[in-house]
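Written out below as structure tokens is the structure these notes cover.
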Amino acid sequence: MKSHSFLCLLLAGVSCAAFFSGACANELPSTLKPQVNERAVYDWNGRHKAVMERNRSVNPEYAVFGDSITHRWGGEPSGDNRARGTGKAAWKNLFSPHTVTNMGFGSDYVDNAYYRVQLGELDEISPRVIIVLLGTNNLGGRKDTPRACADNLKAFVSLVGRKCPASKILLLGILPRKEKAVAPLIVETNKMVSVLADGKRVFFANPGTAFLAEDGVSPKSGLLVDGLHPSAAGYDVLGKELSSLLEKIDGRYKGGSVVR
């Protein structure tokens with residue numbers, strides 16, 4: 001079933017040109033600390049190198065930035081064994097027959113993803129769509145405020161836009177977690193970042209609404225394996241949502257073989 005909250009084609013308060021201008025480059029929020037992820041329990045630098053190598057060799061049609069939710073999903077590069085197979089079928093259904101790079105890094109904050117882009121992960125490539133699913137670790141792990149998390153995401157989207165001016169950016173809302181105390185923070189952050197959308201280059205969607213139970217707060221039973229990471233069924237839901245989104249914003253999208 002298609003979610004009623006797929007796309008939010010909202011005009012931003014500033015023009016797209018101003019948002020992506022170099023004038024923003026040196027005006028990072030004080031809460032954003034671009035740096036290596038020292039908390040990673042895998043070879044963070046090794047994965048960064050693998051992503052760089054893949055992007056240079058295949059020039060992906062789609063790039064998916066994220067944290068462990070994306071890292072565990074599927075696709076390439078996957079040599080660090082973080083992808084546990086839970087979402088591989090959903091990934092294949094979503095993106096086959098397209099060329100995609102999984103740029104999810106477990107435990108990354110928005111800050112770490114920003115640093116990866118600074119290190120060149122998007123250099124010399126131009127994906128048609130760059131998908132961004134970040135922020136849950138900032139809210140649930142580092143305990144950032146919604147304002148801080150939203151400001152960091154805004155800076156990240158701006159940097160990605162400057163690096164890949166021909167790409168569309170699909171910014172996804174933060175997915176629900178089991179901690180009810182975090183739920184209002186997620187809602188507030190998603191509302192703040194939704195205004196980054198202009199319906200031309202930047203799009204916002206909140207697939208997390210398809211994860212919510214009837215109370216509108218708790219995740220549906222069976223969609224998360226540990227209160228944070230999707231189960232196979234959860235990745236199927238996420239894949240269906242993204243398939244519908246990509247059909248809307250990319251006329252060359254031919255994936256989405258999931259059963260609806």
Side-chain angles (χ1 to χ4, degrees), residues 1-8 62 64-75 82-95 102 104-110 129 131-141 144 146 149-150 153 170-194 196-197 203-249 255-260:
M1 182 178 69
K2 294 186 177 182
S3 169
H4 65 277
S5 59
F6 282 157
L7 282 178
C8 212
Y62 304 103
V64 190
F65 274 97
D67 42 51
S68 57
I69 293 172
T70 302
H71 194 163
R72 295 183 179 192
W73 193 348
R82 288 285 289 177
R84 301 181 178 180
T86 307
K88 286 184 177 180
W91 180 279
K92 183 177 180 180
N93 288 335
L94 173 62
F95 288 120
N102 182 328
F105 281 56
S107 73
D108 260 13
Y109 298 140
V110 178
V129 182
I131 300 166
V132 179
L133 180 56
L134 287 163
T136 193
N137 291 326
N138 289 71
L139 292 180
D144 284 359
C149 187
L153 282 167
L170 175 54
L171 175 62
L172 301 178
I174 299 169
L175 299 180
R177 301 169 59 115
K178 69 175 181 180
E179 306 99 324
K180 289 189 176 181
V182 182
L185 307 182
I186 292 175
V187 171
E188 188 175 355
T189 304
N190 288 345
K191 182 178 180 180
M192 288 178 178
V193 298
S194 69
L196 300 179
F203 301 82
F204 174 81
N206 188 13
T209 57
F211 281 71
L212 293 175
E214 291 184 2
D215 64 4
V217 177
S218 307
K220 292 178 182 176
S221 176
L223 295 188
L224 302 179
V225 295
D226 55 5
L228 173 62
H229 301 97
S231 62
Y235 279 118
D236 283 343
V237 170
L238 185 57
K240 291 175 184 179
E241 297 288 299
L242 283 180
S243 175
S244 294
L245 292 167
L246 291 173
E247 287 175 355
K248 291 176 181 290
I249 68 174
S257 60
V258 287
V259 177
R260 300 181 185 178

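Just so it is clear, the model here is predicted, and its values are computed rather than measured.
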Using side-chain heavy atoms (C-beta onward) and a distance below 4.5 Å, is [X] in contact with [Y]?
| X | Y | answer |
| --- | --- | --- |
| Phe95 | Leu246 | yes |
| Thr136 | Val182 | no |
| Thr86 | Pro230 | no |
| Val193 | Phe204 | yes |

Problem set entry | Side-chain donor or acceptor of Asn138 paired with backbone N/O of Tyr109 under 3.5 Å | no
For this session: Would you check if the side chain of Ser231 reaches a backbone N or O of Gly222 as a donor-acceptor pair within less than 3.5 Å?
Result: yes
Exercise. Salt bridge (Lys or Arg N to Asp or Glu O under 4.0 Å) with Glu188: which residues, sequence neighbours excluded?
Worked result: none
Exercise. Does the pair Leu134 and Leu153 meet the rule for a side chain to side chain contact (heavy atoms under 4.5 Å, CB included), with working shown?
Worked result: CA-CA 8 Å; Leu134 287 163; Leu153 282 167; 4.0 Å; yes
Distance (rounded to the nearest 0.5 Å) between [X] [atom1] and [Y] [atom2]:
| X | Y | atom1 | atom2 | answer |
| --- | --- | --- | --- | --- |
| Leu228 | Lys178 | CG | NZ | 9.0 Å |
| Phe211 | Leu224 | CZ | CG | 6.5 Å |
| Ile131 | Leu245 | CD1 | CG | 8.5 Å |
| Tyr235 | Thr70 | OH | OG1 | 7.0 Å |
| Leu172 | Ile69 | CG | CD1 | 10.5 Å |
| Arg177 | His229 | CZ | NE2 | 8.5 Å |

Problem set entry | Pair Asn206, Thr209: side-chain N/O donor-acceptor within cut-off below 3.5 Å | no
For this session: Would you please classify the geometry between the Trp73 ring and the Trp91 ring as parallel, tilted or perpendicular, with 30° and 60° separating the classes?
Result: perpendicular
For this session: Applying side chain to side chain contact (heavy atoms under 4.5 Å, CB included), run through Ile186 and Thr189 and close with a yes or a no.
Result: CA-CA 5 Å; Ile186 292 175; Thr189 304; 5.9 Å; no
Exercise. For Leu185, what residues pass the side chain to side chain contact (heavy atoms under 4.5 Å, CB included) criterion, not counting sequence neighbours?
Worked result: Leu139, Pro146
